[in-house]
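All heavy atoms count here, side chains included; hydrogens, waters and symmetry mates do not.
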Amino acid sequence: MGEAVSEVMQDHLSRAGKVIAVHLNYPSRAAQRGRTPSVPSYFLKTGTSLSLSGGTVERPQGCELLGYEGEVALIIGKSARRVAPEDAWQHVEFVTASNDLGVYDLRYADKGSNLRSKGGDGYTPVGPGLIAAADVDPRGLRVRTWVNGELKQDDTTATLLFPFGQLVADLSQLLTLEPGDIILTGTPAGASVAIPGDVVEVEVDSPAHGLTSGRLTTTVVEGQTALASFGAQPRVDETQRAEAWGTPAPEAEPTLTPELKTKLMQVATATLSSQLRKRGMNNVSIDGLTSTRPEKRVVGLARTLRYVPNREDLFKTHGGGYNAQKRVIDSLNDGDILVMEARGDKTCGTVGDIMALRAQVNGAAAVITDGGVRDITAVAELDMPTYFANPHPAVLGRKHIPWDIDATIACGGATVQPGDIIVADADGVLVIPPAMADELADASIEQELQETFIAEKVAEGEKLEELYPMNADWKSRFSQWAETR
C-alpha cells in the first residue's frame with residue numbers, strides 16, 4: 001500500500017512545473033513576525049526541492065539554522081488564468097502536507113529570492129497521501145507538525161489572511177497555473193529549527209470529513225560536503241537566530257512609557273497644541289470629529305487603517321472575509337488607538353458596534369475615523385471613546401474598501417504614522433511625534449502650572465496686562481509661588 005501511495009505521489013511531483021510558496025498567511029505567524037501584509041507575496045522553489053515522505057534532508061555542512069515549516073500544499077488540477085476568487089477552488093485537484101524547509105544561514109545571499117536558502121534538493125517534501133479538494137472545505141483544514149514526536153505546530157485554515165481561492169486567483173492574474181503546479185500556502189506559528197537526527201512530521205487533515213494526508217516524515221542529516229569557497233558562505237546573527245527558532249525579536253524601547261503617558265494624561269490638548277505650535281508644528285490636529293465619550297481623555301499609540309474608494313472588482317478580493325479592517329482590529333493591543341483614513345467621506349460607516357466592541361475587548365484606548373459610524377447608539381454605550389465624523393447607517397462596501405494596515409495615512413487633515421502618540425479630549429485630537437513627546441509633556445505641565453497661577457491672580461482681581469503673558473516681575477512671583485506647591 002505504501003509503495004502504491006509513493007508511486008502516485010511521485011507521478012504528481014514529476015508533473016509539477018512550478019512550486020510557488022506564500023510568505024505570510026497565518027495570523028499567528030504574522031503576529032510572531034511583527035507584520036501583517038495587506039496582500040499576498042510569493043517566492044519560487046525549485047523542482048528538485050520536491051521529495052517524498054520517508055526521505056532525508058541535508059543541513060549543509062557549516063550551517064546552523066535549518067528551519068522547518070509545516071504547510072498545506074495545493075496541487076492544481078485544471079489550468080487557471082485570470083480566474084475569480086469564487087471560482088478558483090475548482091482549479092485545485094488535491095490537498096496534501098508539505099514542509100517548506102530552508103537554511104537561514106544563506107538568506108542574506110538571496111536578495112529576497114530564497115533560491116539558495118529554500119531551493120536545495122529535497123527541501124520541499126510533499127505527501128504522503130492526497131486529499132481530493134472537492135471533498136473538503138478549504139476553510140476547514142488543519143495542519144500540524146511534530147519534531148521527534150512532540151507537537152510543534154497546530155493551526156487551521158479558518159482565519160487565513162489570504163484564503164486559498166484568493167491565492168489561486170491572484171497568481172492566475174499574471175501567470176498560468178498548470179496541472180501539477182504546487183502552491184505552498186504559508187505556515188502558522190511554531191515553525192522552528194531542526195538539527196541532524198531530528199525527525200519532522202507534518203500532517204494535513206479535514207477533521208469534519210475524517211480525511212487526512214497521513215504524516216509526511218523527513219529525517220534531518222548532516223551534510224558531508226562543505227560549500228565551495230567561490231560562493232556565498234554561511235552567515236548568521238542574533239536576528240536570524242531569533243527568526244529561525246521562532247523566538248520574539250528583541251523589543252524596541254517603548255516610545256510611550258508609563259511615566260510619559262501619566263504626564264500626557266495630566267495636560268489638555270489645548271496646552272499641548274500651543275506647545276506644538278511653539279515648535280513649528282501647526283498641522284497635527286485631527287479635525288471635524290465628534291467623540292462618543294467627550295468627558296474622557298485618552299493617550300495611546302496609533303495603529304492605522306486606510307480605506308480606498310470602493311471598486312466592485314477590488315471589493316470582491318479585499319472587502320469580504322478576513323479583510324484588513326477585521327485583521328487590524330483583531331491585532332489591537334492594550335492602549336492602542338486605531339486611526340482610520342476614510343478620506344473624510346461621511347456617506348457610509350467605517351466601524352460599527354461589533355467592530356468597536358472587539359477593539360474595546362482587546363484593550364484599545366480609542367477608535368478614530370474621519371468617516372461615518374454605524375450603530376451609533378450601541379457604539380456610544382461602550383466605555384471606549386470613538387471619534388467620528390457623523391453617524392451613517394450604510395455598510396463600508398457602499399463607499400470604502402479596507403486596504404492598508406499600519407501605513408502612513410491622512411485622517412481629518414492630519415498625517416498619522418503607526419507609532420505616533422495620540423492625545424484626545426473634549427477639545428480635539430492631536431498627533432504627537434514620539435521624538436518630541438517627552439519635552440512637550442514637561443513644557444505643557446509647566447505651562448499649565450503657570451496658567452493655574454495666573455487664574456488665581458485673575459480671580460483675586462489682578463489685571464491681565466503684564467500678567468498674561470507674565471512679565472519678569474510676575475515670573476519672579478510665580479517662581480516663589482511654585483516652590484510652595
Side-chain angles (χ1 to χ4, degrees), residues 36-39 161 269 273 281-292 294 298 300-332 336-356 358-359 364-376 379-380 384-424 427-433:
T36 301
S38 58
V39 292
L161 301 177
T269 56
S273 180
M281 303 294 289
N282 296 304
N283 301 301
V284 288
S285 62
I286 298 177
D287 298 329
L289 306 186
T290 300
S291 174
T292 59
V298 295
L301 291 178
R303 297 286 308 282
T304 62
L305 171 64
R306 181 171 71 100
Y307 293 98
V308 298
N310 187 30
R311 205 178 87 185
E312 288 74 8
D313 60 324
L314 295 177
F315 193 86
K316 288 180 180 179
T317 58
H318 290 78
Y322 198 53
N323 60 28
Q325 179 198 44
K326 295 175 183 176
R327 296 199 304 272
V328 72
I329 288 175
D330 262 350
S331 68
L332 292 174
D336 285 346
I337 294 178
L338 177 58
V339 185
M340 297 187 283
E341 174 188 339
R343 309 173 314 287
D345 191 327
K346 306 175 183 180
T347 58
C348 79
T350 55
V351 69
D353 57 344
I354 299 298
M355 295 293 185
R358 177 61 175 158
V367 170
I368 298 170
T369 174
D370 63 358
V373 167
R374 300 179 70 225
D375 313 306
I376 186 60
V379 172
M384 177 196 72
T386 294
Y387 295 78
F388 62 103
N390 63 277
H392 202 285
V395 297
L396 63 88
R398 181 170 186 259
K399 285 293 182 73
H400 306 302
I401 306 173
W403 200 261
D404 285 338
I405 295 172
D406 291 332
T408 299
I409 64 168
C411 181
T415 298
V416 183
Q417 293 191 300
D420 280 343
I421 296 173
I422 306 296
V423 181
D427 278 347
V429 183
L430 292 177
V431 183
I432 299 176

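No side-chain heavy atom of Asp404 sits less than 4.5 Å from a side-chain heavy atom of Ile409. Residues Arg358 and Asp330 have side chains in contact (heavy-atom distance under 4.5 Å, counting atoms from C-beta outward). Taking 4.5 Å as the limit, some side-chain heavy atom of Val416 sits within range of a side-chain heavy atom of Ile286. Side-chain atoms of Thr415 and Thr408, non-hydrogen and from C-beta on, do get closer than 4.5 Å to each other.
Checked against salt bridge (charged side-chain N to carboxylate O under 4.0 Å, His left out), Lys346 has no partners two or more places apart in sequence or in another chain. Looking at residues two or more places apart in sequence or on another chain, you find no salt bridge (charged side-chain N to carboxylate O under 4.0 Å, His left out) involving Asp375. Evaluation of the salt bridge (charged side-chain N to carboxylate O under 4.0 Å, His left out) rule for Asp406 yields Arg303 as partners, not counting sequence neighbours. Among residues two or more places apart in sequence or in another chain, the ring pair (Phe, Tyr, Trp, His ring centres under 6.0 Å) test is passed with Tyr387 by none. Residues satisfying the salt bridge (charged side-chain N to carboxylate O under 4.0 Å, His left out) criterion with Arg311, sequence neighbours excluded, are Asp313.
Counting all heavy atoms, side chain and backbone alike, Val351 lies closest to Ala356 at CG2-N, 3.9 Å. When all heavy atoms of Val308 and Arg343 are compared, the closest pair comes out as C-NH1, 3.5 Å. The minimum heavy-atom distance linking Ala365 with Ile337 is given by the pair CB-CG1, 3.8 Å. The nearest pair of heavy atoms linking Thr269 to Leu430 is O-CD1, 3.3 Å. In plain terms, the two heavy atoms of Gly352 and Val379 that are nearest each other are C-CG2, 3.8 Å. In plain terms, the two heavy atoms of Leu332 and Ala359 that are nearest each other are CD1-CB, 3.7 Å.
Note: Asn323 CG to Ser38 OG = 12.0 Å, rounded to the nearest 0.5 Å. With values rounded to the nearest 0.5 angstrom, Ser273 atom OG is found 11.0 Å from Met281 atom CE. Note that CG of Asp353 and OG1 of Thr386 are 10.5 Å apart. Values are rounded to the nearest 0.5 Å. Residue Ile432 holds its CD1 atom at 11.0 Å from CG of Leu301, rounded to the nearest 0.5 Å. Once rounded to the nearest 0.5 Å, the distance linking CG of Leu305 with CD1 of Ile368 reads 13.0 Å. Going from atom CD of Glu312 over to atom CD1 of Ile401 covers 8.0 Å, rounded to the nearest 0.5 Å.
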Q: Under the side chain to side chain contact (heavy atoms under 4.5 Å, CB included) rule, what do Ile329 and Leu338 come out as? Steps first, then yes or no, please.
A: CA-CA 8 Å; Ile329 288 175; Leu338 177 58; 3.8 Å; yes

Q: Could you walk me through whether Val429 and Ile422 pass the side chain to side chain contact (heavy atoms under 4.5 Å, CB included) test, one step at a time?
A: CA-CA 7 Å; Val429 183; Ile422 306 296; 3.7 Å; yes

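Side chain of Asp420 to main chain of Gln417: a donor-acceptor pair is present (N/O by atom type, distance under 3.5 Å, no hydrogens or angles). Between the side chain of Ser285 and the backbone N or O of Asp287, no donor-acceptor pair lies under 3.5 Å. Panel note: side chain Thr304, backbone Val339; no donor-acceptor pair is recorded below 3.5 Å.
Here the options are His400, Lys399, Gln325, Glu341, the test is side chain to side chain donor-acceptor pair (under 3.5 Å), and the partner is Tyr307; only Gln325 passes.
Applying the ring-ring contact (aromatic ring centres under 6.0 Å, His included) definition to pairs two or more places apart or across chains, those involving residues 402-421 are His318-Trp403.
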